[in-house]
Amino acid sequence: MSLAELIPNLQKLEKADKLRALQFLLLELAKEEGISLFIPNVSYPIWTPHNAFGAANTLMDMLAKPLEPKRG
Amino acid sequence: MAEAERYSFTELEPSLGAASYMPLLPLSLLHNDQRITVSALLDTGSTVNVLPFNLGAQLGLAWDEQSTPVQLTGNLAQFEARGVLLTAQVGSFDPVRLVFAWTRSDDVPPLLGQVNFFMEFDVCFHRSQLAFEVRPKA
């Protein structure tokens, strides 16, 4: 499909899908160029709860309790 | 000793190439009569298992009925969490009890951590082969 054929279809997209199309093209280009999308000096959150020893003790205590009878 | 089951790493972001492969384990989580299948991240750096809010809701968990508050760390420290006990089934292995910190956040994937996934299962990572093996504890 040529760009001339594609453009009318792109124009019909909802705003959110236009943004997704932009994102798709960006990722495709980055992949082709071998470019990493990690940007220096930008924070990327890590969700791992590291050293959550209080949480671990609490959850271990839950495991140690006798099983409750099944409801219903 | 049960035979290990082998799984492939999952590519999370093609634009990042080889760096984006992660060990995601498919498993079933059960609570009362509700059962869901999830892909959870094997996270050896996580002290505990973590269940995102929406998955707990899908399992029929009621937030106000969970009476054990749990304080998580790092980026999850800002969200309330409560302890929940679930039954989990990995592959063809017998179901096991897993305890989770059920967090108010939906930005985190389900995490399998030291307490108590890695207490119940032995895992061998073959990162160079993009594979890992899981077997129940002996």
Side-chain angles (χ1 to χ4, degrees), chain A residues 1-3 5-7 9-72, chain B residues 13-20 31-33 41-52 60 65-79 81-87 96-103 105-120:
Chain A
M1 182 186 286
S2 68
L3 183 60
E5 290 169 321
L6 190 57
I7 286 178
N9 290 313
L10 290 171
Q11 285 174 326
K12 290 177 197 167
L13 290 175
E14 297 289 331
K15 189 175 178 180
D17 282 339
K18 284 179 182 169
L19 289 169
R20 290 186 187 106
L22 270 173
Q23 184 184 33
F24 168 76
L25 287 172
L26 177 65
L27 291 174
E28 285 290 296
L29 285 170
K31 190 177 172 185
E32 285 173 21
E33 296 296 318
I35 296 170
S36 168
L37 292 182
F38 285 120
I39 300 170
N41 301 316
V42 172
S43 296
Y44 295 89
I46 294 175
W47 297 102
T48 295
H50 187 56
N51 287 350
F53 300 124
N57 283 335
T58 301
L59 296 184
M60 290 292 285
D61 286 345
M62 282 186 74
L63 276 171
K65 283 183 186 163
L67 283 170
E68 287 178 5
K70 212 171 173 180
R71 278 189 282 171
Chain B
E13 181 47 70
S15 68
L16 297 175
S20 84
H31 175 69
N32 292 337
D33 297 324
L41 178 65
L42 295 179
D43 191 352
T44 58
S46 181
T47 316
V48 297
N49 301 327
V50 176
L51 184 72
E65 291 177 12
Q66 311 312 316
S67 58
T68 306
V70 173
Q71 179 61 57
L72 294 176
T73 55
N75 285 306
L76 283 172
Q78 62 188 293
F79 299 97
R82 295 187 180 173
V84 295
L85 279 164
L86 302 176
T87 301
V96 296
R97 281 207 309 161
L98 291 185
V99 67
F100 284 83
W102 183 28
T103 174
S105 171
D106 277 323
D107 288 327
V108 60
L111 300 177
L112 298 174
Q114 298 298 329
V115 176
N116 61 325
F117 180 82
F118 288 103
M119 292 176 169
E120 290 293 334

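Everything quoted here is computed from the prediction, not taken from an experiment.
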- Among A/Asp61, A/Leu59, A/Asn51, A/Thr58, the residue with the most heavy-atom pairs under 4.5 Å to chain B is A/Leu59
- Task: Could you tell me the separation between the NE2 atom of B/His31 and the OG1 atom of B/Thr87, rounded to the nearest 0.5 Å?
- Result: 9.5 Å
- Message: Within a 6.0 Å radius of atom CE on A/Met62, are there more than 12 heavy atoms belonging to other residues, nucleotides or ligands?
- Response: yes
- Task: Check for a donor-acceptor pair, side chain of B/Thr103 on one end and backbone N or O of B/Ser105 on the other, with a separation under 3.5 Å.
- Result: yes
- Item | B/Gly113 backbone acceptor or donor facing B/Ser46 side chain under 3.5 Å | no
- Greatest number of non-hydrogen atom pairs under 4.5 angstrom with chain A, of B/Val70, B/Asp107, B/Leu111, B/Val50, falls to B/Asp107
- Determine the option with the most heavy-atom pairs under 4.5 angstrom with chain A, choosing from B/Gly83, B/Gly74, B/Pro69. B/Gly83
